[in-house]
2 protein chains.
Amino acid sequence: MARRTKTAPAADGGAATHEIGFLLQRAHRRMRGELNEALRPLNLNVGHLAVMGLLFNGEALTQQQLIGILEIDKSSMVYLIDELERQGLAERRSVSGDRRAYAIHLTDAGRQRLAVVGGAARDVQERFLAPLTPRQRMQLRELLSKVAG
Amino acid sequence: MARRTKTAPAADGGAATHEIGFLLQRAHRRMRGELNEALRPLNLNVGHLAVMGLLFNGEALTQQQLIGILEIDKSSMVYLIDELERQGLAERRSVSGDRRAYAIHLTDAGRQRLAVVGGAARDVQERFLAPLTPRQRMQLRELLSKVAG
DNA sequence: TATTGTTATACTCTATAACTATA
DNA sequence: TATAGTTATAGAGTATAACAATA
C-alpha cells in the first residue's frame with residue numbers, strides 16, 4: 001500500500017526523501033532561509049525577532065527567562081541582546097532585588113521596528129504556507145506543537 | 001478570535017512561540033539533535049545517512065545528481081562522500097562517457113552499515129513521532145511535503 | 001565557454017568553558 | 001556553593017570563490 005504517491009520524487013525509492021526528518025529539514029531550511037533573507041537588510045535574524053516578539057506584550061523578561069523560553073544557550077542570548085541594544089531596539093535594565101540579573105525591555109524604537117519586521121515575517125510565513133488551506137495550516141501548527149518537545 | 005488556545009504556552013502572548021516557523025525550528029532541532037546523537041558514535045551525520053539512503057535502491061548516482069536531490073552545495077557533497085569513502089561505505093567510480101563525473105556507489109559494507117544506521121534512525125523517528133497517532137503522522141508527512149519546497 | 005569536482009576559506013548559528021559579580 | 005551574565009573559543013553545517021580537468 002501507498003507504494004508511490006503522485007507527489008513522490010522519482011529519484012527516491014522511499015528510503016530517504018520521504019522521511020519526516022528529511023521533510024522537516026527541508027521545510028525548516030526553506031522557512032529560515034527566506035526569513036533571514038527578509039531580515040538581513042535590517043541586521044536582524046530570527047533569534048532577534050523571537051526575543052522582540054516575546055517582549056512585545058509589554059512585560060520585560062530577564063535573560064534567564066528568555067533563555068528558558070527559547071531554549072538557547074545563555075551566551076547566544078548575550079549576543080542577541082547585544083545586537084538589539086546596539087540598534088536601540090531593546091535595553092538591559094537592572095532588576096531590583098537581584099543585582100546579577102537584567103530585565104530586557106523593548107524600547108519604543110524596538111516596538112516600531114517589530115511592527116515592520118513582524119510584517120515582513122508574516123509575509124514570508126504567508127508565502128511559505130501558501131500551498132496549505134487555512135484548515136491545513138491549523139493542523140500543521142497543532143501537529144508540530146505536539147512534536148516540538 | 002482565537003485569542004488563546006488551550007495548548008498555548010503561558011509565557012507568550014501569541015507573538016512568537018506560536019508561529020509555525022518557531023515550532024518548525026523546535027521540531028527540526030529536536031529531531032536533528034537526537035538523530036545526530038544516535039549517529040555520532042558511527043562517525044556519520046544526517047547528510048551521510050541521506051546519501052546512503054538515496055544510493056540504497058542499487059543504482060549509483062553522480063555527485064551532481066545527489067546535489068540536485070538533496071539541494072546542498074557541491075563542496076558539502078565532496079565532504080560527505082569523502083567521509084563515506086574513508087569509511088569504506090561508498091566509493092567514487094568513473095562514469096563512462098564523462099571523465100569529469102563520478103558515480104557514487106554504495107559498497108556492501110555501506111549497505112550493511114545502512115541497515116544498522118537506518119534502524120537507529122527509525123528508532124529516533126519513532127520516539128520523535130510518539131505523540132502522534134499513525135493517522136497524524138501521515139498528515140504531518142503530507143503537510144510537510146507540501147511546504148518543503 | 002560551460003560543467004564536474006576539488007580545495008581553501010568564510011560565514012552563521014550554537015555550544016562549551018572559564019570568568020566576574022553577585023546571591 | 002550556586003546563579004546571572006560575560007567573554008573567548010570552538011564546533012557544526014553550509015556557502016562562496018578560485019581552481020583543475022574535461023566537455
Side-chain angles (χ1 to χ4, degrees), chain A residues 21-22 24-26 28-51 60-86 90-104, chain B residues 21-22 24-26 28-40 43-51 60-86 90-104:
Chain A
F22 182 83
L24 203 51
Q25 187 208 25
R26 279 263 174 124
H28 169 247
R29 187 178 56 182
R30 199 190 133 208
M31 179 87 178
R32 188 193 52 188
E34 291 188 23
L35 204 45
N36 276 336
E37 193 176 341
L39 266 40
R40 186 165 304 120
L42 299 152
N43 286 313
L44 296 174
N45 65 27
V46 290
H48 302 116
L49 181 60
V51 170
L61 297 170
T62 65
Q63 295 188 205
Q64 277 305 315
Q65 289 173 313
L66 290 167
I67 287 166
I69 296 166
L70 296 178
E71 291 178 7
I72 67 174
D73 189 81
K74 58 187 181 175
S75 67
S76 304
M77 184 57 68
V78 169
Y79 296 130
L80 290 179
I81 297 172
D82 279 355
E83 180 61 23
L84 291 178
E85 213 167 30
R86 199 190 64 72
E91 55 188 32
R92 292 173 168 93
R93 292 192 203 155
S94 300
V95 169
S96 70
D98 190 342
R99 288 195 299 183
R100 296 170 305 179
Y102 290 107
I104 313 303
Chain B
F22 181 83
L24 204 50
Q25 187 207 26
R26 281 262 174 123
H28 170 247
R29 187 177 56 182
R30 200 190 133 207
M31 179 85 178
R32 188 193 52 189
E34 291 189 22
L35 204 45
N36 275 337
E37 193 176 340
L39 266 42
R40 187 166 304 120
N43 286 312
L44 296 173
N45 65 26
V46 290
H48 301 117
L49 181 60
V51 169
L61 298 170
T62 66
Q63 296 188 204
Q64 278 304 315
Q65 289 173 314
L66 289 167
I67 288 165
I69 296 167
L70 295 178
E71 291 177 9
I72 66 174
D73 189 80
K74 58 186 179 176
S75 66
S76 305
M77 184 57 68
V78 170
Y79 297 130
L80 289 179
I81 297 172
D82 279 356
E83 179 61 22
L84 291 178
E85 214 167 28
R86 200 189 64 71
E91 54 187 34
R92 292 173 168 92
R93 293 192 202 153
S94 300
V95 169
S96 69
D98 190 341
R99 288 196 299 183
R100 296 170 305 178
Y102 291 106
I104 313 304

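Chain letters run A, B, ... following the sequence lines, proteins first, then strands; residues in each count from 1. Note that this is a predicted model, so its numbers are computed, not measured.
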Review point. Looking at N36(A), does any N or O in its side chain come under 4.0 Å of the phosphate oxygens OP1/OP2 on dT12(C)?
Key: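 No.
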
Practice item. Examine dT3(D): is either OP1 or OP2 under 4.0 Å from a nitrogen or oxygen in the side chain of Q63(A)? Give yes or no. Key: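 No, Q63(A) has no side-chain N/O under 4.0 Å of OP1/OP2 on dT3(D).
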
Point to revise | Interatomic distance, M31(A) atom CE to H28(B) atom NE2 [nearest 0.5 angstrom] | key: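 Answer for the CE-NE2 pair, M31(A) versus H28(B), is 14.0 Å.
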
Exercise for review: Taking all heavy atoms of A60(A) and all of I104(A), pick out the closest pair and write down the distance.
Suggested key: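 Scanning both residues, the minimum pair turns out to be CB-O, 3.2 Å.
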
Check your understanding: Between Q65(B) and R32(B), which is nearer to the 5' end of DNA chain C once each is assigned its nearest nucleotide?
Key ->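 Result of the comparison: Q65(B).
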
Can you tell me how far [atom2] of [N] sits from [atom1] of [X], to the nearest Å?
| X | N | atom1 | atom2 | value |
| --- | --- | --- | --- | --- |
| L80(A) | dT6(D) | CG | P | 12 Å |
| M77(A) | dT3(D) | CE | P | 19 Å |
| I104(A) | dG5(D) | CD1 | P | 7 Å |
| D98(B) | dG5(C) | CG | C1' | 11 Å |

Practice item. Identify whether any heavy atom of Y102(A) sits under 4.0 Å from a base atom; if not, whether one sits that close to sugar-phosphate; answer base, sugar-phosphate or nothing. Key: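 If one applies the 4.0 Å heavy-atom cut-off, Y102(A) turns out to touch the sugar-phosphate alone, with no base involved.
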
Practice item. Just call it for Q25(B): base, sugar-phosphate, or nothing, with non-hydrogen atoms closer than 4.0 Å on any strand. Key: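 Here Q25(B) touches the backbone only, sparing every base.
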
Exercise for review: Would you indicate which nucleotide in dT7(D), dA17(D), dA2(C) comes nearest to any side-chain atom of R100(B)?
Suggested key: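 Of the candidates, dA2(C) comes closest.
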
